[in-house]
Every structure is written in structure tokens, then in C-alpha cells.
*Asks:* 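My questions will all concern the structure given below.
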Amino acid sequence: GRFGEHGGRYVPESLVGACREVEEAFREAWADPAFRGQLAGLLATHVGRPTPLTPALRLSAELGSTLLLKREDLAHTGSHKINNVLGQALLAKRMGKTRLVAETGAGQHGVATATAAALFGLGATVFMGERDIERQALNVFRMRMLGAEVVPVRTGSRTLKDATSEAMRHWVGVVDEAMYCMGSVLGPSPYPWMVREFQRVIGDEARRQCATELRAAVPDYVVACVGGGSNAAGTFAGFVDTPARLIGVEAAGGAGAADGTSGVLHGTRSMFLQDENGQVTEAHSIAAGLDYPGIGPEHVHLRDLGRARYVTVSDAEVIEAVMRLARTEGIVAALESAHAVAWVLRGELPAGSTVLITLSGRGDKDISTLRELV
Amino acid sequence: GRFGEHGGRYVPESLVGACREVEEAFREAWADPAFRGQLAGLLATHVGRPTPLTPALRLSAELGSTLLLKREDLAHTGSHKINNVLGQALLAKRMGKTRLVAETGAGQHGVATATAAALFGLGATVFMGERDIERQALNVFRMRMLGAEVVPVRTGSRTLKDATSEAMRHWVGVVDEAMYCMGSVLGPSPYPWMVREFQRVIGDEARRQCATELRAAVPDYVVACVGGGSNAAGTFAGFVDTPARLIGVEAAGGAGAADGTSGVLHGTRSMFLQDENGQVTEAHSIAAGLDYPGIGPEHVHLRDLGRARYVTVSDAEVIEAVMRLARTEGIVAALESAHAVAWVLRGELPAGSTVLITLSGRGDKDISTLRELV
Amino acid sequence: MPYVTGGVTADWASYVHAFADAGAGLVEIGLPFSEPTLDGATIQEATAVALSRGATLRGVLAATPRCGVPLVASTYANLALRPGFCDRLAEAGFTGLIVPDLPLEESAELSEAARSRGIGLALLASPVTPDDRLAEIGRRSRGFVYAVSVMGTTGERTTLAAPARELAARLAPRTELPVLLGFGISTPAQAAAAARVADGVVVGAAVMRRLLDGAGPAEIGAYVGTMREAMSGG
Amino acid sequence: MPYVTGGVTADWASYVHAFADAGAGLVEIGLPFSEPTLDGATIQEATAVALSRGATLRGVLAATPRCGVPLVASTYANLALRPGFCDRLAEAGFTGLIVPDLPLEESAELSEAARSRGIGLALLASPVTPDDRLAEIGRRSRGFVYAVSVMGTTGERTTLAAPARELAARLAPRTELPVLLGFGISTPAQAAAAARVADGVVVGAAVMRRLLDGAGPAEIGAYVGTMREAMSGG
């Protein structure tokens, strides 16, 4: 459960057993071909995997590079979140749990959790900050449509970090029947690496797809946005043993790797935005999904090892990237995903580079935000 | 260009040549393996085809039947519309056209057209009723993001039928450089059968998928919603030569087949809602995509032949169907698609039936409508 | 051939008389259809006004005056292909018919039905119609050939476009019927120019614009007279 | 062991003195952290109040009074694992430390750092902790073992739950340290019940609720005295 000196399991004694139980169940399930087959089947029939690898022909021509887009935006519910959530829900079912507990920020993970719960006939309790509930009323309704209970969180900044705290508090009281369904490569062990394993389907598919698409089989660059960092972790997992340069792109206002310092939050030791007194500060990004003041511990480790590089882009660059991708490729990417595109658009890559960009989600949810800004 | 006594090419002399040009180009392209290969490639890499066939396990258990969902909701841009639009845009490019002209109602076809235009570097002019523009401001913004020009139509009921009229008027003046990109199996020949051919990928895929999924290889029932009827036409095309019963489900308030009478509109002879004086009346459906006062001519023909049956469901049944599918399968279907589900939920099917339902699109666009109603 | 939308005002029939009095050789009466796909803003507006006043096919035909000048009905295929349409048209005294969304290929049946009731279905020709097709249209049309002078909808335009002259020139040797030039003709100068290449002109939107703006039969009759004069003088 | 959130009011230190005067054997001082993941509504509120008043680790430690009773700090791992934390704690006169999100497996380093500054890191035990693990916690804890009486967060509850009694009973034979029962104890009856199975109780939320509602040091000292009395009488 450690990535160098990061990771770990910083949870109350009351949750140690539950985390262990999840870890043991996951180890056992992940080694069981039946479980993996069942999950792969669901990802194929329900989610639409494999998602395509789209050559961004017009944008490539403009940049003089070869850009390949891994299309998680086409996954059921609109982002990569579902890969992980189906895995955890299937595991919960296998463990005999009857409920899922989850936190959500903008609502994407909450919708994915509610979706998986509906599919398996599990209950779902989703904690969501009151401010996010106001901003994302449609996602709240969607979760309720799917049968989930959405609990407003009125503490702190009333956003994602507070919802996460509240969800963990709640879990303590319901560990017997409920499984915590974590939305990113965060939280206590085994979550960071379990979520990465559930998301590695992105990287594994992309690796195979690149092999048929690129002469060199492996791209020069593999680029993904990083909030907590689950789509990046999943993507990188497929390329960590190749010469591809791995680039995680953070929001300038929510850059755990770039601006954070070592700390412990929500069960894991990692890099978090905090003031000089060790109080966690709020992240600010146009992309709600990157609005978390930390980053997954494995990313810190990959950076410390020099295996991955973490960069930031500004909100303005992100808006420009969304618009440009829409006009050249007919794809409206999520603001989160557009961070990866924005970094590539900076033009710092050598001409002729081959670049894999994970489009973690679709931009439908962001249209009204963009409309106000553009 | 005829389906029995329906279909035809009821256009002004000024458009006869343009329609013929499209027809000839399409015949030639459709017989050209290079064109079909290029389109199939785009559908795979850009749209995410094949879309999965999802067994609706929990709903099937509740109904005592076997329901299979053809997941067009997972296609890029969120519905089957893109299949057709990519075909027409590729054809336009092949014909040397530089612009697409299209009508749109709720905006789905407009967004798809704008998407295809962006992908091919074509211009796009989308006509949209002023009332629809107000109701669907986000889709208008999305089209503009994708680089399309959206032209408000202020005549008549200021909805889809008026937008269609205006788009056809506009086409007369720009036939040299522009191709009309029709959104359904409507309009003058070759559109109804060309659109059906571009949409038959739904039925062809589903046929193959059913063959591996069902013991009998072919389902007992094939059910799809019908506005103009393009997703139904594409689905039925894959099963018309099988014993499967084909069911088209119309909105009770916009049922061209059920309540229409023979007439001529927008270039085709078919069934339209009209008063006793031959004036076309407005359709009313909770599903904007079914809000057209007519039905594709081939559907009338299939009905006249007894090969397909057309039924209607009420708005209330549709809302119930959306909610039930969400809770049992974790899929929020478009209100249009939910018509097909609603009919199956009536429970009129013999126990043990196998049923293919085409989910033509996703319900994200309908969430705020549902929120107000539920 | 001046045009009026049937039912656009309570006294719409007076305009027909005024046209006749102004020396029009033919009068075109529009039978309003809810989806005027080929009309520009003016005639769309006139159609909407007529329908909102409760105009129906039956009502317009019943109110159609006999004014000594041959009457030509114009409407869309949805109305023209309704059973009994030609019977009613004949009863109302029409001898000509224009259906702009019924091209050559779709026209045979209606043309025959009309002919059997003494009505000539005039076909339309367009600037993009090839020569051989023009000849076929010239052969199959009845009464006259309606030459659409521009690629677009009905409506006023400032000059008579070159395509109109070219079309008229291509049509003339390919038909024995008179050629009427329509779409976009509104000024005496245009009418005069048109008269040099065709046998007549259709003045629709220009009449209806004035009518919708409040001009009475006398004023519009005078306008039609001016147009006629310009043509004769040309 | 009564609890006060450091910095919650300007005169928070007076509460520490009042606790000592009321006969508390230990006093727990919360060092506010922005994400009080394990606290219930009351202590979350107290934390937010303290932080909004500008409370910092440095400031709270500087204001911590010496009152003759051993002081126990409680905070979260994010603060406790900061470099120099134990030095500063020792300077401020603390001899005990509770870090509720630092379970056995993650505690060794901090426990050693604390020990070297004369501070005992008390570990927590929970109703779901198995016996062998309880023994390990009992061995590795310093000062006392904090027995979490319920599966949930801090906060007042109406009765002392059965799990609390069972946990205390399982812990007692597995540690040589005193066992303090915490989470949810607010009434004299509960305190008395707790005293029958444990060596002491932690009264946190009940104190803070009163404090946030405006009770001064004297009033809260009296409440703590009542609790103490109930325990002695039990």
C-alpha cells in the first residue's frame, strides 16, 4: 500500500478492518479469472469498451505531430469513472455488501456510482457538498433517478473535500453492509492501487491500439489530466514499462504535484495544497473534476522516480483547447480532459512527435460553464 | 426512390438536379469499397462502433423476457444521428461540396452535423426554429463551438418543420457548393433510402450480435422509436429478411403512422398529421426528436406490406419507462428511445419473448425536462 | 400575371378584379398551404395571414370571382394531390394550375387529372435545368411554362438576373407555349427587361408586399398597370 | 478527560484551568485541523470557529496553559507528522498525544519521535478491533488506550452502547495501561456506566456543545465536576 514514502492507510482504527477486508477481497478477486472475465464482459456490453483510439487528423496536421485520442468520453455515463466504479461494485457484490458509499464533486463519480449500484441492485449513498449540489442540480437529479440517495454536506467549503470527509465518517458507521467506492487514486490503501488497476484498462487498450496505429508501436508522449489522477494512473499503467514520456497535466489552481506539500488527507500520505500551518486550502479550477487539493500518492512516487512529469495549464489555455478540439475534430471534451490537450497545444513538443492523449470524459456537462465564459 | 406509392421527389425544379446529383454520387459511393471502408473506419475510430448490445438483465428478470439493448446512446455525440451524418458528410466531401445545410429540432441532428462538418473541415449552416433555439440554448452553443452557423427560423410554429422548410429554401440558393444533410428518413429521394442505408449499421451490427447472444439467433421482436424514423429504419433493415416482428413506436402526440393521412411534405409523399383541409398540424411529444408531424415513407410502406407494426405510447408511459430503465439497468435513455422501452413495458409480449430494443440516444439532454416533470 | 393569395383579406377577390381591369392577361391565385416551402418572406406572411383568417381550400375556391381573365391556381403538392382537387378547381372556374413542388417526374398523374377537367398544369423550369430536360418540360407543360428566374425563393429583387435571360433564351426554341418569367420581378424596368425575352411575367411578392402594407385594389391595380405598360413599351 | 478545541474562544485557556479545578485527571486539547474527518458536527463546528478566529498550531501551543494536570494533544496526522511537531508539543508542556487517523501500522515513527520528547502517543481501539490486534495496540500505546466506544464519529449520544462495554472488557486484560472510553459520552449516567468498565472517560462533544452555546468556564467546570462525581460514585 506504499508508493515510496507516500500512500499508506491513515484511517481510524474503526476502518482498518474494513480497508483490510477490501484489500484482501480485491487481491483474491483480481487473481480470479472469473472475476476479471465478468468485469471485462460488463465493460464490453455495458460500457462500450474498448473505447476507440481516434487519430486527431486535422489537429495533427496543424501541429505537425501525430495525436491519438483515447476516447473515454465515449464510455457509458460519459467518462472513465465507470471503469473503476463497475470494478468496485462488482467487488462489493462479491463481498456480500449491499450498499455503496461514495463522495462526489461535480457529480460524475456520483452518477457513475449510482449507475453501477442500479446495475447490480445495490443501494448507493452519495455525499456531495451543498455548493456542488447547487451548481450541479442536474447530476443530483440523475443520481436520484438512478435510485441513489444524495446527502448534502454543509461543512467546510461545502465541496468535494468536505464530501469526502463526510462520506468517510459515514462509512465508519456502516462498514458491515457498505463498501466505500472511491472515485480516484486516493484514499487509504488499497484504494489508490485498486483504482489504478481498475483504470489500467485505459492504458492496456491504448497500448494495443497504439501498436497497430504507430510505426514505433509506442507513442513518444502519453498525456493525461490529473486531479486525483485516476485516468492518468490508468493510462500510465499501460506505458510505464515503455520509453514513452508520461505527462500528467494539472490545473494551475489545483496542482497537488506542482504546488502541494507532503501531507496526510483522506487516508493517504501524498502532496496536498496547504498553508504554512498545515491547513488544507481549496483548489480552484474551471474543471470541477480537478478541484481537489491533492493528487494520488502513486503520481508523487512516479514524479520522485523521474518516470512521469507533472505540468500545469491555466483555465484560459483549457478553454482555448476545448474550442480548438471541437472545431478541428468535432469532439467536445470535458474541461478536465482538455487540460491534457491544452498542454500539447503549447507546441513545446518536437515536430513529428507521436502523442497519446487520454480524453477522460465528454464536455456535455461543461457546456453551460463554457457558454458563460466564451 | 419509391416505397410503394410513398416516397418520391417532390421538390422544385431548381432542386431536381441537386437531388439527382446526390443520388448518383451516393449510388456510386455506396458501391465503392473504398468509400464504405473509409466510412466504416470513421465509425470505428471516431464514433465508437460497434456499439454494444447490452442484455438488460434485471429488467428482463422482472418481465420474464429477454431484453437486449442496442446502445446507440454510446455513439459519439450521444445518438445514432452521427452514423448518418458522417455518411452524408463523407459523401459531400467526395462530391466536392464545401458546406452542409441542415435542419434541426432539439439540436441533436444539428450537433451531429456540426460535428461531422468540423471533422471534415466543411462549413455548416443549421436552421433551427426560434422556439427550439430558446428551449435548447446549450445545443445552439455547442453547434457554434463546433464552428457551425445556426440560423434562427421565425416562421410558422418556429419549430422543426419550419426549420426544415427554411433549410430547403436556403439550399436552393447554394446547391452548387452545399449538400443538404437530412437528419431522418425523410425528404426527397434519395434521402429516405440513403439515410436508411447509412443507419443500417445499427441493424447489421445488432443482427450479428443477436446471433451470438440468442439461441434462436434472431429476436422475436425488434422495437425502435419512430419520429421520422431513422433509427427504426436502420434497425429494421438488419431484420427485415428474418421472422422477427418489427415494431415502430410513435409518440401518441406525433404519430404520423397512427394518426396521419397521406400527403406531401418536405419533398416526400408519406403520412402526415394534417387537418381536414390539408393543412399540416403540429406534433406534440415530450420527446423533441419525435416532434415531427410525419413519418418516413418507407415506414408507411412497411406498414402497408404488413411487415412492420406501428404503435403509440403516451408521455406518461415514457417517463415511467425512463425511470424504470435507469433504476434497473443504470441507463438513462433519451425520451425518444424510451418510447421503445415503454411499449415493451406494457407487458403485452408473451412470456419468454426475446426482444431487441434500439436505444437511439442518451437521456442527458432530457434531464432538465424530466426534473421538471417527475 | 399578377398574383394574390386567396383569403389574405376579406376583400381579396376585389384585387382579382383590379388585376383584370389593369389589363392582366392572366391572374394567379394562391391557395394557401401551411408549409409554403418555396415562398420567400412576403408570400409566407401572406399565407400565414390568410390561414389565420381561416382560409381553406373550399372557402377560397367558393370566393373566387369570374372576371373574364383566365385564372391560374398555385399551390403545393399536398393540396393539389388531394382527391377531387381538380374537380373543385374546375368548378371554381380555373383553367390553369401551378404546383412548384411537383417536378416533371411527379407531374404526370396530376397533369392528366387536370387536363380531363379542362385545366392546364403548367410546369416550371429553372436556370439549372439542362436543355434536354427543358425541352421535355416545354412538351409536357400545359398553358405556359413558368420560368423561375433565380435560384431561390419567391420575393422581390432589384434587377433581372442574367440567369433569367439565359433561361428564357434557352426555353423559347424548346417549347410552343408562352414563357412566363417569375420570381423576383417587381419594378417596371425589370418587367420591361423580362418582356424582351419572355412572353409575360409573374408579379407575386411585389403585389403582396404592397397589399400587406395596406394598399387597396385601386392602388395595386395601378401598379399592375404600370408594369403592363412597361412591358408593352419594351 | 474533558476536551477543549484550542483557539475556539479568546479565553479558551480558562476552560483548561476550569477542567483542572473540577478535578479532571487529564485534559485533552484539540489542535484544529481544517479537515476533521473523524469528528462529528459539534467538534467540526468548534474547529471551524477556531480556524476562522485565526487559530494556528503555533498560536494554540503558545497559549496552552500549565495547570498542574497532564495535557494531552489531539489532532490529525497531517499536523502531527509535520517536522518538529513533537518538539513544539513538548515545549508547550504536553505529555500525551492522540492522532485518530494514525492507526497502529502507521504509528511507529511518530510514537518514537514523541517518546523521545517525553510524550506518549496513545493509540485508539475500536469495537471492531480483533483481540490480537487489541493486544498489540495495548502494548504499543503510551499513556493510555483510547477506546472508541461506537462505530461513528465523535458526538453526544443518549446511552452508553453495549459495544463500549464489550470493548472495555476485551481491552482490560490485554493492556497494562489505563483505558479511557471516548465518543458519545455526555451524561453523568453514561459516565458512571463507563467508569464501571474503564479507567476514565473522554468528554469532548458534550463540553464543546455547551461552550459553543455560550457556557463560560465556571459553568463547564461545574458540568465536568458533575461527570467526575458520577464516576466516583459509580
Side-chain angles (χ1 to χ4, degrees), chain A residues 1-2 5 7-21 103 153-158 160-176 178 187-189 260-270 272-282 293-294, chain D residues 31-41 44-45 47-48 50-51 54-60 75-83 85 99-107 109-110 123-130 133-134 137 145-155 163 167 183:
Chain A
R2 285 265 165 198
E5 61 180 12
R9 184 179 287 156
Y10 295 85
V11 293
E13 176 64 19
S14 297
L15 287 181
V16 168
C19 288
R20 280 192 169 175
E21 185 193 358
E103 81 292 342
V153 175
R154 303 197 168 86
T155 53
S157 56
R158 297 175 290 131
L160 175 58
K161 72 179 174 57
D162 313 288
T164 308
S165 295
E166 195 63 28
M168 295 189 79
R169 283 181 195 111
H170 176 79
W171 191 29
V172 175
V174 294
V175 276
D176 280 350
S189 183
T261 51
S262 188
V264 174
L265 186 63
H266 296 143
T268 196
R269 173 155 213 147
S270 191
F272 297 97
L273 298 181
Q274 41 190 330
D275 67 16
E276 71 280 8
N277 297 308
Q279 306 300 350
V280 176
T281 57
E282 277 181 62
Chain D
L31 307 177
F33 174 52
S34 55
E35 315 303 319
T37 319
L38 285 164
D39 287 300
Q44 283 180 49
E45 186 186 338
T47 300
L51 290 175
T56 61
L57 182 58
R58 193 177 299 267
V60 169
T75 194
Y76 285 83
N78 194 55
L79 295 186
L81 297 177
R82 286 166 70 87
F85 175 79
V99 185
D101 59 345
L102 201 70
L104 187 60
E105 294 80 354
E106 308 288 358
S107 66
E109 206 175 324
L110 182 67
L123 299 183
L124 291 85
S126 128
V128 292
T129 307
R133 185 174 167 92
L134 271 189
I137 288 170
V145 179
Y146 190 128
V148 172
S149 63
V150 291
M151 292 298 284
T153 55
T154 60
L167 172 60
F183 283 39

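Values below: every heavy atom of this structure, side chains too, minus hydrogens, waters and symmetry copies. Just so it is clear: chains get the letters A, B, ... in the order the sequence lines come, proteins before strands, and each one is counted from 1.
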*Asks:* Could you tell me which residues satisfy ring pair (Phe, Tyr, Trp, His ring centres under 6.0 Å) with A:Phe272, sequence neighbours excluded, listed by chain and number?
*Replies:*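 Testing A:Phe272 for ring pair (Phe, Tyr, Trp, His ring centres under 6.0 Å), a comparison that skips the adjacent residues, returns none.
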*Asks:* For A:Arg169 versus D:Asp39, what's the shortest heavy-atom pair and its separation?
*Replies:* NE-O, 2.8 Å
*Asks:* How long is the gap from CD on A:Gln279 to CG on D:Asn78, to the nearest 0.5 Å?
*Replies:* 8.0 Å
*Asks:* To the nearest 0.5 Å, tell me how far D:Ser34 OG sits from A:Leu265 CG.
*Replies:* 7.5 Å
*Asks:* Could you look at A:Val175 and say if it's the side chain, the backbone, both or neither that has a heavy atom under 4.5 Å from chain D?
*Replies:* side chain
*Asks:* Counting only non-hydrogen atoms closer than 4.5 Å, does A:Gln274 touch chain D with its backbone (N, CA, C, O), its side chain (CB onward), both, or neither?
*Replies:* side chain
*Asks:* Taking every heavy-atom pair that is under 4.5 Å apart, which of D:Arg58, D:Glu45, D:Arg133 has the most such pairs with chain A?
*Replies:*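 Highest number of heavy-atom pairs under 4.5 Å: D:Arg133.
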*Asks:* Considering all heavy atoms of both residues, which atom of A:Val264 and which atom of D:Phe33 are nearest to each other, and what is their separation?
*Replies:* O-CZ, 4.4 Å
*Asks:* Measuring heavy-atom distances to chain D, does A:Val16 have an atom under 4.5 Å in its side chain, in its backbone, in both, or in neither?
*Replies:* side chain
*Asks:* Please identify, among A:Pro12, A:Gly17, A:Gly173, A:Gly263, the residue contributing the most non-hydrogen atom pairs under 4.5 Å to chain D.
*Replies:*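 Highest number of heavy-atom pairs under 4.5 Å: A:Pro12.
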*Asks:* Kindly determine whether A:Glu166 and D:Thr37 satisfy side-chain contact (heavy atoms from CB on, under 4.5 Å), including the steps that lead there.
*Replies:* CA-CA 7 Å; A:Glu166 195 63 28; D:Thr37 319; over 6 Å; no
*Asks:* Restricting to ring pair (Phe, Tyr, Trp, His ring centres under 6.0 Å), what partner residues turn up for D:Phe85, sequence neighbours left out?
*Replies:*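 Applying ring pair (Phe, Tyr, Trp, His ring centres under 6.0 Å) to D:Phe85 gives none.
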*Asks:* Search all heavy atoms of A:Gly278 against all heavy atoms of D:Arg82 and return the closest pair with its distance.
*Replies:*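 What the structure gives for the nearest pair is CA-NH1, 3.1 Å.
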*Asks:* Report the option among D:Leu57, D:Thr47, D:Thr129 that has the most heavy-atom pairs separated by less than 4.5 Å from atoms of chain A.
*Replies:* D:Thr129
*Asks:* How long is the span from the CE atom in D:Met151 to the CD atom in A:Glu13, to the nearest 0.5 Å?
*Replies:*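 The distance works out to 9.5 Å.
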*Asks:* Who wins among D:Gly40, D:Ala48, D:Pro100, D:Gly59 for the most heavy-atom pairs under 4.5 Å with chain A?
*Replies:* D:Pro100
*Asks:* Non-hydrogen atoms of chain A under 4.5 Å away: do they reach the side chain of D:Ala80, the backbone, both or neither?
*Replies:*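 Neither part.
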*Asks:* Report which part of D:Leu79 has an atom under 4.5 Å of a heavy atom belonging to chain A: side chain, backbone, both, or neither.
*Replies:*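 Only the side chain of D:Leu79 comes within 4.5 Å of chain A.
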*Asks:* What part of D:Pro32 lies closer than 4.5 angstrom to a heavy atom of chain A: side chain, backbone, both or neither?
*Replies:*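 Contact with chain A is through the backbone of D:Pro32 alone.
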*Asks:* Any side-chain to backbone donor/acceptor pair from A:Ser14 onto D:Ser126? Under 3.5 Å, distance only.
*Replies:* no
*Asks:* By a 4.5 Å heavy-atom criterion (distance strictly below it), what part of A:Arg9 contacts chain D: side chain, backbone, both, or neither?
*Replies:*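 When you check distances to chain D, atoms from both the backbone and side chain of A:Arg9 fall under 4.5 Å.
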*Asks:* Look at A:Arg2 together with D:Glu106 and state whether they make a salt bridge at an N to O cut-off of under 4.0 Å.
*Replies:* yes
*Asks:* What part of D:Leu51 gets closer than 4.5 Å to chain A, counting heavy atoms only: side chain, backbone, both or neither?
*Replies:* side chain
